Amino acid sequence: MEVMTFNIDKDRRNLVDDKQNFSIDFHDSKYNWLQARQYEESMRQVEVHVVHGNGSPVDLTGMNPVFEGWMPEGLYRIIDAKHSVMIDAQNGIFRFDFPAPAFQIAGSYKQAFFRLMKDGKSVTTLEFSLEVLADKVISGLVPSDYITPFEDEYDKLIAIVEKADSKFAEQLIKWQNEFNKIIGDLNGDYISIKSLADALDARLEKLEDKIKEDGLLTQADLDKSLSEFRIEIEKELDQITEFNNSIKNLNVTDVDGGIPDYMVDTLSSAQAGIDKSKFNLVFATDYHYDIGSTYNPFGGDSVDNIQEMWEAGLRKVLNATSISNADAVVFNGDNVDGPSVHDHTLEKKMMMKEMKDFFKTASSSAKIPAFILKGNHDQNSHYATDYKNPDSVISDDELEQIYQDNVADFGEVRNGNSNYFYKDFPEKKIRLIGLDSYDLPEGANEDGTLKFNRFLISGFQQAQLNWLANTALQVTEGTTVVIVMHHPVDGTLASDPRVVNHDVLFQILSDFAGGKTNSVSGKNSNVPVNVNYTFSGAGTIAAVLSGHYHIDGNNTMNGINFIQSRCSLTVGDNMINKKRWDYFGTKLEDAFDVVSIDTTAKTVDLKRVGAGSEDARFATRHFNY
C-alpha cells in the first residue's frame, strides 16, 4: 500500500503556468504519487498521514476525508466521500480505497487531492500525481462524472422503489429531503450541481422504464410520485433554471443595477480631470466577463463572492463608457472568459451570449467612439483544444457577425470585416490603430487539435501586416500614431517563444519611426509573411498600449513607448494578487487608464481609475516621445 504524507502547514504549491489548460509539474520528488490500471476496483489503496509543520499529527477526529479529482482529458470530475477509512484519527491517519470509477480514463489526472471536511469547513492537502495506465485487454466503464453523495442517494431510491410497500410515499419524501440537502450543501457550485442534475435526469428515465417493465408500482403511483418529486427538484435547482434561461434569452443583458454609488465620485473626478485640448483615450483591458464562474486563479479554497467578481465585468463596462469627455474608448481584449460546464455546445453558446452582451453594452452605453479588440480568451480556443473539437471555437466569421450586429460603426477604416482598424482624429492630429494580435489561420489537424491554438499563441498574418505597413501607417506629416493591441509586441515587455511574426511587426514599427524602406519576411513557414514598404519620413508613435499579462509595465525601444496596463478583472490581478479581492465593492474594484497625449509637448500621461491609483507608481505614469 502506498503511503502519502501531507504537511498542511508547510506544503508549498507551485503555480501552474497555464491556469486554463491546467496541469501541474510533478517532477519534484516532494510530491506524492500513485499509479493504477484502468478498471481496478478497490485494489488500489493509499495510507494517508496528515501532519503539522513540526511533524506532529493532525487530529482528524470528526473529519470526513473526501477525494477530489479532475480526470485525464479534463472532461470529468470525481468527488468521493465514500471510500475513506479512518485508521487512527488522533494520529492523523486514514486509508482511501480507490473505486473503479476513479480509473475510467487512461492518463495523468489534471488535479488530485484530499479535502478534509468537518462542520461545513474544509482544508485541502497538496495535490498528488495520479496516473492511470491503459488496459488494452478489458473494457466496460463509460467515462462520466462520479459524485458519491448522488450515487448513495440513488441507491437508496432504488431500494425504496423495489420495496414499494405502504410507506412508499413517506419514504420518498424522506429521500427527497436528503437529496435537497445535498443540493444546498453544494452552495452554488454550478459544475457539480449541473453534473448531478444531468445524471439524475438520465437515471430517473432509466428507472422509470424499469418500473414500467417490471410492474414494481402501479402506473398511477409512479406518475404521481415522480411528478411531485420532479417539481420539488426543480424548486431546489432554481439557479440552474435561471442560468439556462439567461443563456436561451439572448435579449437579456444584466448590468447588475448599473454604476454603483461607490464609483460615482471616482468617475466624476476622472471625467472632470480631462483636458480636452489633448487627445484622450480610455484604455480598458482584460474584463474576463464570465457567467457563473467560481474559478480561483490563485488556488486555495473558494471565496463566497468570487462568482460575483467574474460577473461584475459587464457592469464595469459602464465605468469606462461614462468618461464621455474622452475622444474614444478601447476595450482591449479578453473581454469575456470561457465558461466551464463540461458541455461543449453549451460552453460555446454561453460564450457567444457573453460576447453579445459585452459588445452591445459597450457600444450602446458609449457616447464616444468605442472599439473592441479580441484577446486569447475571446474565441474559446482553449476548450476547443482540450476537447479536440474545433467546432467549439467561435470562428472568425461568427466573431465578425457578433461585432457587426452589436457594435456601431464609428467611421473607422478596416480591412474588410477585420477585427483590426484605424480611426483618425484630425482635429487632434492623431491616428488610433487597433491590431488583432490573435490573427492566425483557422483549421484543425488530423487528430482534431487546432492548427494554431490562439489561446496560447499570438500572431499576425500577411494581410494584416501588409495593411499595417502600407495603409494604416501611411499617415500625413505631423500625424501622431497610437497603437492598441491585446498581446504586447514580443520582446518589448515580455518574451514568448510561441509567438508568430511578432519580429516582423516590431521591425515595421521601428522602420516607421525611422522613416525607412525595407522588405521583411517571417520565420514561420506555416504562416508565411513578406512585407515590402517605404516610409518617406520619420514617423511618430506616441505609445503602443497592451494588456494580456494583468500587470502594469513599460519599456522604451527604438524611441517607441511600449506600455502595459493591468486587468479590470478583480479576481485576476497579477500585481497585487488576492489583495485586489479586498477592493471589490469599493472605488478600487475596477482598473483602467485615461491616456492623454499632448502632440505639442510630445508627452503621454496615463491616469489610473481604480486599482493602482492608490500606488504612486501607477496612479499617474508619464512618458515623452
Side-chain angles (χ1 to χ4, degrees), residues 19-21 190 243 246-256 284-295 297 306-321 329-341 343-366 370-386 392-396 398-407 419 434 436-438 453-456 458 485-487 547-548 550 567-573 590-592:
K19 297 188 284 288
Q20 294 294 337
N21 296 313
Y190 173 72
F243 181 81
S246 73
I247 299 301
K248 293 173 184 176
N249 185 354
L250 300 182
N251 294 318
V252 172
T253 303
D254 182 10
V255 291
D256 194 26
T285 188
D286 292 88
Y287 283 77
H288 291 269
Y289 167 54
D290 198 2
I291 304 172
S293 178
T294 57
Y295 173 59
I306 200 165
Q307 179 176 328
E308 187 182 356
M309 294 184 198
W310 287 97
E311 293 179 349
L314 194 61
R315 166 172 61 78
K316 290 180 183 178
V317 169
L318 303 179
N319 295 337
T321 58
V329 55
V330 168
F331 296 95
N332 194 53
D334 280 4
N335 308 295
V336 302
D337 209 85
S340 179
V341 293
D343 181 324
H344 310 175
T345 302
L346 179 59
E347 279 169 357
K348 180 176 179 179
K349 186 176 182 181
M350 288 168 62
M351 197 167 196
M352 291 181 76
K353 173 178 169 49
E354 290 176 355
M355 292 176 71
K356 291 174 183 177
D357 284 353
F358 190 100
F359 288 11
K360 184 181 295 183
T361 301
S363 185
S364 63
S365 64
F371 306 105
I372 304 172
L373 295 172
K374 77 183 184 193
N376 57 310
H377 280 262
D378 288 322
Q379 287 186 278
N380 209 37
S381 296
H382 48 315
Y383 287 132
T385 301
D386 284 348
S392 296
V393 172
I394 297 172
S395 70
D396 288 345
E398 289 172 322
L399 177 64
E400 289 168 8
Q401 192 61 55
I402 293 173
Y403 201 104
Q404 289 180 38
D405 291 345
N406 296 280
V407 182
N419 190 243
D436 177 0
S437 53
Y438 293 90
N453 178 2
R454 294 179 182 175
F455 180 67
L456 298 175
S458 168
M485 55 191 290
H486 182 72
H487 194 292
H548 182 60
H550 298 198
C567 58
S568 169
L569 175 65
T570 304
V571 182
D573 192 313
D590 202 352
F592 63 89

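From a predicted model like this one, the values you see are computed outputs, not experimental measurements.
Within the 3.5 Å criterion, the main-chain N or O of Asp436 finds no donor-acceptor partner in the side chain of Asn419. Remark: the backbone N or O of Ser437 is paired with a side-chain donor or acceptor of Ser458 at under 3.5 angstrom. Looking at Trp310, its side chain never comes within 3.5 Å of a backbone N or O of Val571 through a donor-acceptor pair. Checked by atom type and distance alone, the side chain of Asp573 never pairs as donor or acceptor with a backbone atom of Thr570 at under 3.5 Å.
Atom CG of residue Asn380 and atom CZ of residue Phe455 lie 10.5 Å apart, to the nearest 0.5 angstrom. Separating the CE atom in Met355 from the CG atom in Leu399 is a distance of 4.5 Å, to the nearest 0.5 Å. From Phe331, atom CZ reaches atom OG1 of Thr321 across 5.5 Å, with rounding to the nearest 0.5 Å. The CG atom of Asp590 sits 10.0 Å away from atom CG of Leu569, with the distance rounded to the nearest 0.5 Å. Here the straight-line distance linking atom CD of Glu347 with atom CD1 of Ile394 works out to 11.0 Å at 0.5 Å rounding. One finds the CG atom of Asn319 at 7.5 Å from the OG atom of Ser568 (value rounded to the nearest 0.5 Å).
Closest approach of Met351 and Gln379 over heavy atoms only: CE-N, 4.0 Å. Taking both residues in full, the closest heavy atoms of Gly547 and Asn332 are given as N-ND2, 3.5 Å, listed atom of the first, atom of the second, then distance. Of all the heavy atoms in Gly333 and Thr285, the pair that sits closest is O-OG1, 4.0 Å. Residues Val329 and Ala320 approach most closely at CG2-CB, 4.2 Å, considering heavy atoms. Summarising the geometry of Glu311 relative to Ile291, their closest heavy-atom pair is OE2-C, 3.8 Å, with the distance given to 0.1 Å. In plain terms, the two heavy atoms of Val317 and Ser365 that are nearest each other are CG1-OG, 4.5 Å.
For the 3.5 Å distance criterion, the side chains of Asn335 and Glu354 fail to qualify, holding no donor opposite an acceptor. Side chains of His487 and Asn376: a donor-acceptor N/O pair is absent below 3.5 angstrom, by distance only.
Between Leu318 and Thr361, the closest side-chain pair of non-hydrogen atoms falls below 4.5 Å.
We find that Asp396 and Lys374 are joined by a salt bridge, their nearest charged nitrogen and carboxylate oxygen being less than 4.0 Å apart.
Only one option out of Tyr289, Tyr287, Tyr403 pairs with Phe358 in a ring pair (Phe, Tyr, Trp, His ring centres under 6.0 Å); it is Tyr287. With respect to His486, the ring pair (Phe, Tyr, Trp, His ring centres under 6.0 Å) criterion is satisfied by exactly one of His548, His377, His550: His548.
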